[in-house]
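Okay, structure first, notes after.
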Amino acid sequence: EGYLWPYALLCRACSVAADAPELWRHLDLSTGLASQLSSRSLLGMLRRHGRGKVERLSLRGLEEVDDAFVRSLGELFSDGPLRALDIGECTNLPGRVLPVLEEVSTLEELGASCIGSLEDEH
């Protein structure tokens with residue numbers, strides 16, 4: 001699923017290479033072909049290849065990121081190793097869903113600029 005899927009089908013070596021932890025450790029899905037994927041495709045790709053591997057993930061500005069997507073991310077990475085997540089400028093994401101990310105025990109950095117209904121009360 002996603003833009004790596006055709007390469008993984010070419011041969012066993014390509015399949016192994018497409019699933020290498022080094023490839024998934026730092027992901028920026030906010031640009032290029034990945035930014036055009038549906039939320040279902042993005043989550044499918046992260047479930048298939050990113051579980052237990054992704055440490056830094058940028059979804060900045062993706063319209064596909066909404067509260068259901070963030071809830072799924074929280075479940076997917078609840079046991080780590082996600083340390084940094086950038087969901088800034090995701091216009092369909094309500095600020096009220098952010099506490100769901102407390103489930104991600106390894107999360108140290110959260111980019112949440114320009115999130116709708118997010119207010120700083122301090």
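Quantities reported herein were computed from a predicted structural model and do not represent experimental measurements.
Note that the CG atom of Leu29 and the CE atom of Met45 stand 4.5 Å from one another [nearest 0.5 Å]. Here the straight-line distance linking atom OG of Ser78 with atom CG of Leu107 works out to 12.0 Å at 0.5 Å rounding. Interatomic distance, CD of Gln36 versus CG of Leu62, reported as 10.5 Å (0.5 Å rounding). How far CG of Leu101 is from CZ of Arg71: 10.0 Å, rounded to the nearest 0.5 Å. Separation of atoms SG (Cys114) and CD1 (Ile87) is listed at 12.0 Å; rounding is to 0.5 Å. For the atom pair Asp67 CG and Leu93 CG, the distance stands at 7.5 Å (nearest 0.5 Å).
Glu102 is linked by a side chain to side chain contact (heavy atoms under 4.5 Å, CB included) to nothing, counting only residues two or more places apart in sequence or in another chain. In terms of the side-chain hydrogen bond (donor to acceptor under 3.5 Å, both in side chains) criterion, Arg51 has no residue partners (sequence neighbours excluded). Checked against side-chain hydrogen bond (donor to acceptor under 3.5 Å, both in side chains), Ser30 has the following partners two or more places apart in sequence or in another chain: Asp28. Judged as a salt bridge (Lys or Arg N to Asp or Glu O under 4.0 Å), and not counting sequence neighbours, the contacts of Glu109 are Arg56. Every residue two or more places apart in sequence or in another chain that forms a salt bridge (Lys or Arg N to Asp or Glu O under 4.0 Å) with Glu108 is listed here: Arg83. Judged as a side chain to side chain contact (heavy atoms under 4.5 Å, CB included), and not counting sequence neighbours, the contacts of Glu75 are Glu103. The salt bridge (Lys or Arg N to Asp or Glu O under 4.0 Å) test applied to Glu89 returns Arg60, not counting sequence neighbours.
A donor-acceptor pair under 3.5 Å links the side-chain atoms of Asn92 to the main chain of Glu63, judged by distance alone.
Phe69 is listed as a side-chain neighbour of Leu59, based on a closest heavy-atom distance under 4.5 Å. Side-chain contact between Ser39 and Val65: absent, with no pair of heavy atoms (C-beta onward) separated by less than 4.5 Å. The shortest side-chain heavy-atom distance between Glu64 and Ser41 does not fall under the 4.5 Å cut-off.
Considering all non-hydrogen atoms of both residues, Ile115 and Pro94 come closest at CG2-C, 4.1 Å. The nearest pair of heavy atoms linking Leu76 to Leu46 is CD2-CB, 3.7 Å.
Under a cut-off of 6.0 angstrom, the local environment of CG in Asp79 is sparse, with at most 12 non-hydrogen atoms contributed by other residues, nucleotides or ligands.
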